[in-house]
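Structure, as structure tokens:
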There are 4 protein chains.
Amino acid sequence: MAMDADERTEGKKRAIMKAALEILTEKGYHPTTIEEIAERAGVGKGTVYLYFKSKLELVAEVIDTVVQTHLQEMKEQMSTVKGALEKLLVLAGIEYTFMRRHGPLAQILGAGEVLGLAPEFRSQMCNWRQRYIELIEGIVEEGQREGVFRTSISPFLAATIIFGARLAILQLALETDLENRADEVRNQVLEFVLHGLGAPV
Amino acid sequence: MAMDADERTEGKKRAIMKAALEILTEKGYHPTTIEEIAERAGVGKGTVYLYFKSKLELVAEVIDTVVQTHLQEMKEQMSTVKGALEKLLVLAGIEYTFMRRHGPLAQILGAGEVLGLAPEFRSQMCNWRQRYIELIEGIVEEGQREGVFRTSISPFLAATIIFGARLAILQLALETDLENRADEVRNQVLEFVLHGLGAPV
Amino acid sequence: MAMDADERTEGKKRAIMKAALEILTEKGYHPTTIEEIAERAGVGKGTVYLYFKSKLELVAEVIDTVVQTHLQEMKEQMSTVKGALEKLLVLAGIEYTFMRRHGPLAQILGAGEVLGLAPEFRSQMCNWRQRYIELIEGIVEEGQREGVFRTSISPFLAATIIFGARLAILQLALETDLENRADEVRNQVLEFVLHGLGAPV
Amino acid sequence: MAMDADERTEGKKRAIMKAALEILTEKGYHPTTIEEIAERAGVGKGTVYLYFKSKLELVAEVIDTVVQTHLQEMKEQMSTVKGALEKLLVLAGIEYTFMRRHGPLAQILGAGEVLGLAPEFRSQMCNWRQRYIELIEGIVEEGQREGVFRTSISPFLAATIIFGARLAILQLALETDLENRADEVRNQVLEFVLHGLGAPV
DNA sequence: TATGAATGAGGATTCATTCAT
DNA sequence: CATGAATGAATCCTCATTCAT
């Protein structure tokens with residue numbers, strides 16, 4: 001019974017965050033209203049303020065949760081394989097999974113909406129981006145140590161490029177239905193990342 | 001004198017768009033107010049509505065103009081050189097120029113802020129993105145015909161990747177001061193794009 | 001045990017009223033929230049509504065209690081001395097005691113805050129004021145009968161004036177620290193009340 | 001015509017302040033809503049914010065204006081007569097005039113509602129009270145120099161007492177209809193102030 | 001054409017009160 | 001009896017848009 005209450009409470013907070021996430025990804029920060037969030041979450045307007053001090057904090061927590069989850073998931077998956085090449089492969093796979101699950105939120109993370117959000121969000125977004133890039137950077141460094149990646153490119157720069165490329169593909173996938181061509185796309189991207197566009201000598 | 005009036009009129013519209021662009025890039029769509037735009041443009045609030053039907057239309061036109069200008073500029077520069085490789089190089093150079101001129105607006109275009117903007121903007125943004133990618137796609141195709149680019153990668157996918165990579169580097173440049181390392185960065189990016197990350201055989 | 005329950009119950013009601021009184025004197029009616037009262041009283045928010053039908057009733061009862069207590073106390077002290085002059089002296093002394101005990105609540109009573117309170121309070125405040133003045137009026141009448149007070153002044157008017165003068169001094173005491181000059185002040189006030197400001201003939 | 005615009009504008013600000021004053025004196029700070037003020041002033045809700053940055057500032061300005069006006073008026077009238085005794089008389093007269101004109105606002109000033117108002121108001125109210133008392137203090141000092149007032153009472157204390165007495169009488173006048181007995185009341189009050197309550201020796 | 005005063009719909013937030021446990 | 005989670009009415013304030021001049 002105690003767990004019941006806990007569950008319901010936690011359920012309510014989760015419902016609010018879920019609703020907020022959905023509407024945020026649909027409309028962005030400003031057009032999203034607390035009233036609509038409450039309505040979709042099936043709670044009263046005031047209830048939102050029992051769990052979050054303000055709209056800003058609610059959104060911040062929503063974003064943070066998604067980001068943390070995503071990063072955590074990536075790290076976990078990453079640790080299941082050995083070798084930088086394999087990790088790159090895994091990385092690509094995760095993105096699809098994540099996208100299917102969290103749908104258009106990826107946009108908030110990817111696209112940033114940095115400007116539309118209050119300045120408070122900027123650092124949060126940048127922070128996330130940075131950590132994401134760091135993760136990739138680690139893989140690149142590992143690959144360079146392993147000798148499978150060329151060392152003439154700065155790991156950070158390479159990571160940044162890969163990050164951007166991935167976002168673009170993600171965005172593409174959100175607009176187009178790549179579902180059934182997922183494998184083909186992944187292979188081509190991987191080929192690009194590994195061998196570049198230049199014709200083989 | 002007639003021209004004078006015309007000029008003044010045109011000047012006013014341009015002043016409004018210029019002011020709007022500046023503030024938009026500073027704050028994003030929603031926090032930008034018509035009042036502030038009018039003030040910075042040195043016109044009355046009501047005057048804005050003589051030239052634009054609504055805030056939405058004003059912003060749409062502003063974005064469109066910037067995008068058109070940018071694309072136009074890219075095409076022009078592109079036509080001054082021959083060969084896909086050279087065009088890629090030129091492309092990179094333009095980005096820096098553009099960035100220095102239009103500063104953080106690149107974010108609105110690049111990062112999208114798709115979500116913060118009213119749904120109406122989405123198609124506009126996507127449209128722009130698409131045309132930008134098409135431009136790059138053209139270069140890729142040209143390179144493939146020339147035999148300098150590998151043909152195993154879909155031109156569209158390659159263009160998308162390059163587009164994303166460029167945006168990420170752009171974003172990086174906006175946050176960090178790469179000014180003095182611009183050449184180095186450009187070279188590394190180019191190397192990446194041409195030969196990929198894979199260690200040379 | 002039964003008494004215990006009663007005591008606890010009574011204790012709870014008293015705790016609520018005490019907390020309410022404290023916060024009311026700190027902030028006034030509107031800024032005081034039931035939640036804060038409950039918290040300071042160490043009870044649940046809902047508990048307040050077991051003892052009081054509404055915020056209004058709670059505050060009304062709090063004020064009434066303080067007023068009753070104060071008046072009662074005054075009457076008791078008054079009855080310990082004989083003679084209108086002595087009673088006036090005692091009256092002054094009580095004020096200081098009261099003030100030290102109930103602190104700024106005196107303001108609510110004195111200053112009225114009539115306007116900040118719901119109209120319902122007005123009559124309550126006026127009622128209290130009236131009874132307070134009546135008490136003084138009684139002393140004045142007694143003094144007139146005794147021949148120590150001049151009869152050319154209406155007892156009611158005199159009482160009103162004395163009431164106002166006392167409030168002003170009270171307010172002064174609340175702002176300034178008169179503690180150590182209390183006797184001097186009391187003497188001067190008494191001199192004023194008895195002989196007025198006019199130079200002795 | 002220019003004046004016309006000015007007049008209308010000034011008229012609007014004045015209408016808002018007038019409406020605010022009325023409702024404030026009826027209900028006090030918190031229960032007074034901007035909407036009601038706007039409605040009674042015959043303007044839109046938003047218009048209020050063209051003239052005042054916030055509810056707080058509106059109220060502050062309203063109070064300040066009344067206070068300034070009242071003090072100014074008192075000083076002017078005071079300067080028309082010579083001698084402390086005469087000035088005291090004039091003072092009493094003004095109060096009635098003021099009251100008839102500004103009606104229940106006197107309550108806000110007198111009663112203070114110090115507690116119900118935001119802390120910001122407290123200093124404003126105290127400040128006003130202080131200046132009012134200083135004015136009376138000046139008269140007392142003058143009277144002492146002239147030899148018509150006894151010197152054994154501190155001018156400040158005397159002024160405070162007179163201030164309080166006046167407020168009490170004012171309050172009385174607001175509740176009761178003293179209109180037709182105004183002269184009698186004034187005389188009795190004056191007698192009290194000059195000769196006190198003590199029986200003549 | 002140009003203006004800016006005026007407007008009111010819309011949104012975040014608070015808090016007295018209720019009610020299921 | 002006691003609780004505090006839940007609610008939504010109520011309020012301040014913003015800002016796109018209109019319109020009289």
Side-chain angles (χ1 to χ4, degrees), chain A residues 1-2 4-5 8-9 12-13 16 30-39 41-58, chain B residues 5-6 8-9 12-13 30-39 42-59, chain C residues 5-6 8-9 12-13 30-39 42-58, chain D residues 1-2 4-5 8-9 12-13 16 30-39 41-56 58:
Chain A
M1 273 302 166
D4 205 348
R8 223 176 296 158
T9 276
K12 220 152 240 180
K13 182 169 184 180
I16 293 168
H30 279 101
T32 295
T33 71
I34 291 290
E35 183 146 28
E36 195 179 354
I37 291 174
E39 202 173 334
V43 302
K45 217 186 325 176
T47 307
V48 174
Y49 288 88
L50 290 181
Y51 297 98
F52 304 94
K53 269 217 294 271
S54 68
K55 184 185 177 184
L56 203 69
E57 287 212 353
L58 162 57
Chain B
D6 239 41
R8 226 181 294 152
T9 277
K12 229 158 230 185
K13 182 168 183 179
H30 280 98
T32 295
T33 70
I34 293 290
E35 180 144 33
E36 195 179 354
I37 291 175
E39 201 173 334
V43 302
K45 215 191 318 184
T47 307
V48 173
Y49 286 86
L50 291 180
Y51 297 99
F52 304 94
K53 257 213 313 257
S54 68
K55 183 186 177 184
L56 203 68
E57 288 214 350
L58 162 57
V59 175
Chain C
D6 238 42
R8 226 181 294 152
T9 277
K12 228 156 230 183
K13 182 168 182 179
H30 280 99
T32 295
T33 68
I34 293 289
E35 181 144 31
E36 195 180 354
I37 292 174
E39 201 173 334
V43 302
K45 215 191 316 183
T47 307
V48 173
Y49 285 85
L50 292 180
Y51 297 98
F52 305 93
K53 257 212 313 255
S54 69
K55 184 186 177 185
L56 202 68
E57 288 215 350
L58 162 57
Chain D
M1 273 303 166
D4 205 348
R8 223 176 298 157
T9 276
K12 220 152 240 181
K13 182 169 182 179
I16 292 169
H30 279 100
T32 295
T33 70
I34 292 288
E35 183 146 30
E36 194 179 354
I37 291 174
E39 202 173 333
V43 302
K45 215 187 328 174
T47 307
V48 174
Y49 288 89
L50 289 181
Y51 297 98
F52 304 95
K53 268 215 296 270
S54 67
K55 184 184 176 185
L56 203 69
L58 162 57

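Below, chain A is the first sequence line, B the second, and so on; all start at residue 1. Nothing here was measured: the structure is a model prediction, and the numbers come from that model.
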Inset, instruction - Give the minimum heavy-atom separation between C:Lys45 and C:Ala38, together with the two atoms involved. - result: CA-CB, 3.7 Å
Inset, instruction - Specify the separation, in whole Å, of atom CD of A:Glu57 and atom C1' of E:dA12. - result: 14 Å
Inset, instruction - Taking all non-hydrogen atoms of both residues into account, name the closest pair between D:Val48 and D:Ile16 and its distance. - result: CA-CD1, 4.0 Å
Inset, instruction - Take nucleotides 13-18 of chain E nucleotide by nucleotide from the 5' end and write B, S or -, depending on whether a protein heavy atom sits under 4.0 Å from the base, only from the sugar-phosphate, or from neither. - result: BBSSBB
Inset, instruction - May I have the distance from D:Ile37 (atom CD1) to F:dC13 (atom C1'), rounded to whole angstrom? - result: 13 Å
Inset, instruction - Give a yes/no answer on whether the side chain of A:Tyr51 brings an N or O atom under 4.0 Å of OP1 or OP2 in F:dA5. - result: no
Legend entry - From CG (B:Leu58) to CD1 (B:Ile37), nearest 0.5 Å: 5.0 Å
Legend entry - Nucleotide F:dA16, atom C1' - distance to CG of B:Leu58 in whole Å: 12 Å
Legend entry - Per-nucleotide pairing state of DNA chain F [Watson-Crick or G-U, under 3.5 Å; [ ] pseudoknot-crossing; | other strand]: .||||||||||||||||||||
Legend entry - 5'-most by nearest nucleotide on DNA chain E - B:Gly42 or D:Val43: B:Gly42
Legend entry - Integer-rounded Å distance: E:dA5 P and D:Ile16 CD1: 13 Å
Inset, instruction - Measure from the side chain of C:Leu50, starting at C-beta and using heavy atoms only, and say which of F:dA6, E:dA6, F:dA2 lies closest. - result: F:dA2
Inset, instruction - Can you establish whether the number of heavy atoms outside A:Glu57 located under 6.0 Å from its atom CD is more than 12? - result: yes
Inset, instruction - State whether the side chain of A:Lys55 and the backbone N or O of A:Thr32 hold a donor-acceptor pair below 3.5 Å, judged by distance alone. - result: yes
Legend entry - Value in whole Å for how far the C1' atom of F:dC12 lies from CZ of D:Phe52: 16 Å
Legend entry - Value in whole Å for how far the P atom of F:dC15 lies from CD of B:Glu39: 13 Å
